[in-house]
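One structure below.
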There are 2 protein chains.
Amino acid sequence: MDTALNLFNEKGLAQVSLRTIAESMRISPGNLTYHFKKREEIVEALYYEFVAEVEERFEEMNLSEIKLNLVFDLILMLTETRLKYRFLMRDFTTLIAENPSIKKHYVAVIKKRKSQSMGIFDHLIEQKILRPAELENEYEHLYERIQILGNFWITSALMQGNKMTNATVERNFEMVVQIMYPYLTNKGKREWERLT
Amino acid sequence: MDTALNLFNEKGLAQVSLRTIAESMRISPGNLTYHFKKREEIVEALYYEFVAEVEERFEEMNLSEIKLNLVFDLILMLTETRLKYRFLMRDFTTLIAENPSIKKHYVAVIKKRKSQSMGIFDHLIEQKILRPAELENEYEHLYERIQILGNFWITSALMQGNKMTNATVERNFEMVVQIMYPYLTNKGKREWERLT
DNA sequence: CTAAATATAGTACAAATGTACTAATAAATA
DNA sequence: TATTTATTAGTACATTTGTACTATATTTAG
């Protein structure tokens, strides 16, 4: 799975066949199909590994006090994990089109995350770190934008030929996280100062 | 090309072979390869058709006075055109990985659009419709976010199983365009009211 | 009307891919 | 140690796909 992950990240899902993986591991194709009857199984296993990793790191986070840095930490954590499994992002559409199980799971996760995020936003508004909503669905839409940006900035950067150096990652993290800034109150902005 | 576009949009680039297209047109595969020597040629032709369409609609737009509605119009125009050629968005990574010509063109377009957009932002700031930047690269980052959202909201919506109804499109247009709202001055917000 | 061009159909071919199958080898267990 | 189980290698097969090739048919032009 490690080898497959590296190859998928490097070349993209479609460009990596069972034989490619087997060759890279210096085992026979037959051996590989013994452990993973279907190619989909490897991909699926990697997807659920990714999900588990996000879950695990989420559990580790300090949710006792919801402050602005929690949002930072969440976005950063997701950035790092998505980066590790970036082929999933890059080929997400194909993946989901071909794998109903993953699709179902993904849709459920999105829904769950959305309600969690809305909870955090509400809390931050109560604490006067975020300003109250001025438009209909304003924070729902904000969440959706963060969601899309989080999922696709890697793809977008790769498309423009950027290598995934630390500098690239930092720059893009900043680009994503700045979406929060104009919703901050003065109190929120002071906290922002401390965080950046 | 019409048939190919429809099939690509419907099933995704990878799922549509030359034979699929030929069958759907009720012509022979040989006939198709006579007109398009390579499958890539069809895809490439569609990409440049898309580019031309964006260009054309851009020319048609009234650029004489830069106001907030120009930004609305631009985003709406791009939304519609991208929707028409949505397979390009959906499979953009594959496309760009496999076609250096398209990649080169895309990277150049992004760069050009960025400087155009920055010009518009500057103008709107001068007109006190947008507030001045408070952070480093604030409007550059805003542009990049709009860029990514514009490119990928369709993909994201499709991944969640949404059909591309008018309602979906409208909802997502609102979601994208609202990213501008918190940067507006009071004057800008009054203009926003008139537009929505 | 005839010749040249364009268009179409049908088929063939090589390459790649997922996967199934068989035989041999290594490891575990009783 | 003997035997059962797990692992590995190697190969075979069916399918798909892009594309090339050839022979007709149709259209265009002189």
Side-chain donor-acceptor pairs of residues 89-96 of chain B under 3.5 Å, sequence neighbours excluded:
{"residue": "B:R90", "atom": "NH2", "partner": "B:K11", "partner atom": "O", "Å": "3.4"}
{"residue": "B:D91", "atom": "OD2", "partner": "B:L13", "partner atom": "N", "Å": "2.9"}
{"residue": "B:T93", "atom": "OG1", "partner": "A:R90", "partner atom": "O", "Å": "3.2"}

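Using a cut-off of 4.0 Å between Lys/Arg side-chain N and Asp/Glu carboxylate O, B:K114 and B:E140 are scored as not salt-bridged. In this structure, A:E144 pairs ionically with B:R171, as a charged nitrogen and a carboxylate oxygen lie closer than 4.0 Å. Using a cut-off of 4.0 Å between Lys/Arg side-chain N and Asp/Glu carboxylate O, A:R131 and A:E138 are scored as salt-bridged.
At D:dT8, one or more side-chain N or O atoms of A:H35 fall inside 4.0 Å of OP1 or OP2 (strictly under the cut-off). One finds no side-chain N or O of B:Y34 lying less than 4.0 angstrom from the OP1 or OP2 phosphate oxygen of C:dT8. Remark: A:N31 is not in phosphate contact with D:dT7, judged by side-chain N or O atoms under 4.0 Å from OP1 or OP2.
The minimum heavy-atom distance linking A:W153 with A:V169 is given by the pair CH2-CA, 4.1 Å.
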### Message
Can you build the contact string for nucleotides 18-27 of chain D? Use B for base contact, S for sugar-phosphate-only contact, and - for no protein heavy atom under 4.0 Å.
### Response
BB--------

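Taking atom CD of B:E23 as the reference point, atom P of C:dG10 lies 13 Å away to the nearest angstrom. Between A:I21 atom CD1 and D:dA9 atom C1' there is a gap of 17 Å when expressed in whole angstrom units. Remark: P of D:dG10 and CZ of A:R26 are 14 Å apart, rounded to the nearest angstrom. Regarding B:I27, its CD1 atom lies at a distance of 14 Å from the C1' atom of C:dT6, rounded to whole Å.
Annotation: A:W192 is in aromatic contact with A:F72 [ring centroid separation under 6.0 Å].
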